[in-house]
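Worksheet: the structure to be examined is printed underneath.
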Amino acid sequence: MSNTPQSSASNFIRSIIEVDIASGKHANIITRFPPEPNGYLHIGHAKSICLNFGLAQDYQGRCNLRFDDTNPEKESQEYARSIQDDVHWLGFQWDGEVRWASDYFEQLYRFAIELIEKGLAYVDDLTPEQMREYRGTLTQAGKSSPSRELSVIENLDLFARMRAGEFADGSRVLRAKIDMASSNMNLRDPVIYRIRRAHHIRTGDAWCIYPMYDYTHCISDALEGITHSLCTLEFEDHRPLYDWVLDNLSIDCHPRQYEFSRLELHYTITSKRKLLQLVNDKHVSGWDDPRMPTVSGMRRRGYTPDSIREFAKRIGVSKSNNTVDVGVLEGCVREDLEMKAPRVMAVVNPLKVVVTNFIEGQTVSRMASYHPQHPEFGERLVPLGKEIWIEADDFSENPPVGWQRLAIGGEVRLRYSYVLRCDYVVKDALGKVVELRCSIDQDTLGKNPIGRKVKGVIHWLAIEHALPAEIRLYDRLFTVPEPDVDKDVDFCTYLNQQSLQVVDGWVEAAVSEAAPETHYQFERIGYFCTDRYEHQPGKKIILNRTVALKDSWAKE
RNA sequence: UGGGGAGUCGCCAAGUGGUAAGGCAACGGGUUUUGAUCCCGUCAUCCGUAGGUUCGAUCCCUACCUCCUCAGCCA
């Protein structure tokens, strides 16, 4: 009997867990999601969140949220808050309270003393430059620092004085004494504590020494009883150090670290440093700009938690480098919104049409369903009028072969209304089409015309009843698939100047009172979402385009 | 030219000594008052390359090739 839920694909981590459960090594698994609060979460983190929390759910285990807050200079409460919000929004709940690596500072300190007492750590006063020199290179062994031979007594004293603030920032470090000749650079006596007088978001000014990631992470995992510590591939080389620390300390728990490949997406970047640069340099409005690959940006854009979780499921987990096309992500939202978003009509690029034979009080309006497959979504009246807006793109003076939209002398179905014929085109002095004079076939409401077939259907809005709306159309943020592949070229040079287009469009009155973050499908156009922050129900309608509808005509 | 990883369809990704899952995309057809959705069908004689072991290898062995990664007092 397998523990694998049918909904989740097999992957190497699940295989390991299943073996561990089957062998009795673990009765319950405990995972953790360990972000550093130094930026907002992005789609790559979402993959990790879905993995860690998903595993815990599927195997009846637990998953902790633990902040790796060991570098006070870059961390903030704002980031920590946003991260918690994002995890919740994605649909996950961590086990118990939020954990902080800083909660373990005292224990970490005592373990460091244990290491010193065992002769496995020493205080060094080499400058950063010297340390780099002493470290050697990939092909040459490093050499020992003079401090490597300090006695336990001396090290104990020095380390205590480091904590007491007797030394200047950066003047001394505590190093693990492992092997300066190791072919693994991480084992060449890595620094495990440095002196930094920085205000910490949790511990304030209580400490002037801070533990390094490699030293902190494994111990934090062990203290929390983590069974499977999952991280990305670049930490593979750190695993021997992870194990070394735990093997040499009196901790009876030794979590196992497993690495999986990080997610790469075409036309976007997933580097917190670079995302921060986009924010700082004002290339975007903030971390939650709808063009950002951040969780909060995608949320604002209109992505749903379900769609992101589905995405994580589709891309899978492995150890091979992979680059996923954004089309996969888009496919996930379309699929989710297809069944969840009510349909409504909107005109993004309006062209005025005068229905010449519209007869007030006689020409009828129909009710329209909010969802073709879900009558429970309800319906509303879509009023027709003498003057209507249609999409400028739905009319062509010189229609190409296969054109199913409006053309001079041609007919088209007005969605939920009559069949419309274009009789006359009004142009301005420059020859630009500014208005269409059309007539409807009075006998086509709710039924097809007799003797001829009208294939095309277009959306429209009665001018009298349409509501003005600010519509934000987003395109990819970068013009090339891999903006940051070339180290010599600033990725900002590949910014897509047309990534945001704000247009004044029109929407059905039904949208008027929509709350922020309401999803809609604008028929024939795409999925849109009322802006989380700026949309004001009943006052200012602001919609963000989440993703366009698939368009097999546009491809031709 | 040190260490650690990875190479299976356009993109992800299972799999395993017994003759290549699935998803996305793509393509063909059907339904449709969204050129959407939905439905049906097609889509790797082949698993980086070359040898070897075997009745039989993508899975085992050998060599090679390619890509990623490591020299922060970042995580």
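Protein chains get the first letters and strands the later ones, always in sequence-line order, with residue 1 at the start of each. These numbers were taken from a predicted model, which means no experiment stands behind them.
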Taking the minimum atom-to-atom distance to the side chain of [X], which one of [options] wins?
{"X": "Ser318(A)", "options": "A75(B), G35(B), A14(B)", "answer": "A14(B)"}
{"X": "Met212(A)", "options": "A75(B), A71(B), G15(B)", "answer": "A75(B)"}
{"X": "Arg194(A)", "options": "U37(B), C73(B), G15(B)", "answer": "C73(B)"}
{"X": "Arg196(A)", "options": "C70(B), G15(B), C74(B)", "answer": "C74(B)"}
{"X": "Glu338(A)", "options": "G15(B), A75(B), A36(B)", "answer": "A36(B)"}
{"X": "Ser15(A)", "options": "G15(B), C73(B), A75(B)", "answer": "G15(B)"}
{"X": "Met185(A)", "options": "A36(B), A71(B), C24(B)", "answer": "A71(B)"}
{"X": "Pro372(A)", "options": "A14(B), C70(B), U34(B)", "answer": "U34(B)"}
{"X": "Asn11(A)", "options": "A14(B), A13(B), U37(B)", "answer": "A14(B)"}
{"X": "Arg314(A)", "options": "G4(B), G35(B), G23(B)", "answer": "G23(B)"}

Check: G3(B) base within 3.5 Å donor-acceptor of Asp237(A) side chain = yes

ask   = Under 3.5 Å, is there an N or O donor on one side and an acceptor on the other linking the side chain of Arg239(A) and the base of G4(B)?
value = no

task = Scan for ring pair (Phe, Tyr, Trp, His ring centres under 6.0 Å) pairs involving residues 166-197 of chain A, sequence neighbours excluded, and state none if there are none.
result = Phe159(A)-Tyr193(A), Tyr193(A)-Tyr215(A)

ask   = According to the interplanar angle, ranging from 0 to 90°, do the rings of His238(A) and Phe235(A) count as parallel (below 30°), tilted (30 to 60°) or perpendicular (above 60°)?
value = perpendicular

request  = If the plane angle is over 60° it's perpendicular, under 30° parallel, otherwise tilted; pick one for His200(A) and Tyr210(A).
outcome  =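 Parallel: the ring planes of His200(A) and Tyr210(A) meet at under 30°.
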
Does a nitrogen or oxygen in the side chain of [X] sit under 4.0 Å from OP1 or OP2 of [N]?
{"X": "Arg524(A)", "N": "U32(B)", "result": "no"}
{"X": "Ser10(A)", "N": "G15(B)", "result": "yes"}
{"X": "Ser552(A)", "N": "A36(B)", "result": "yes"}
{"X": "Arg273(A)", "N": "C74(B)", "result": "no"}
{"X": "Lys550(A)", "N": "U37(B)", "result": "yes"}
{"X": "Thr70(A)", "N": "A75(B)", "result": "yes"}

For [N], the Watson-Crick or wobble partner whose two distances fall under 3.5 Å:
{"N": "C43(B)", "answer": "none"}
{"N": "A6(B)", "answer": "U66(B)"}
{"N": "A57(B)", "answer": "none"}

task = State, yes or no, whether a side-chain contact exists between Trp287(A) and Leu275(A) at a heavy-atom distance under 4.5 Å.
result =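 A side-chain contact exists here, since the closest heavy-atom pair is under 4.5 Å.
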
Short side-chain to backbone donor-acceptor contact, Arg334(A) and Ala548(A), under 3.5 Å =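 Side chain of Arg334(A) to backbone of Ala548(A): a pair is present.
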
ask   = Considering all heavy atoms of both residues, which atom of Tyr370(A) and which atom of Ala510(A) are nearest to each other, and what is their separation?
value =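 Answer, listing the atom of Tyr370(A) first, then Ala510(A): OH-CB, 3.3 Å.
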
message = Both Tyr213(A) and His266(A) contact RNA chain B. Which one's nearest nucleotide lies toward the 5' end?
response = His266(A)

key: Nearest-nucleotide 5' precedence on RNA chain B, Asp214(A) against Asp551(A)   = Asp551(A)

request  = State the syn/anti category of G72(B) according to its glycosidic angle, syn meaning within 90° of 0.
outcome  =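 Syn, angle within 90° of zero.
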
request  = Name the nucleic acid region contacted by Val454(A), choosing base, sugar-phosphate or nothing; use a 4.0 angstrom heavy-atom cut-off, strictly under.
outcome  = nothing

task = Kindly state whether the pair Trp553(A) / G35(B) counts as stacked, where counting means centroids closer than 5.5 Å and planes tilted less than 30° apart.
result =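 Check passed, Trp553(A) stacks on base of G35(B).
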
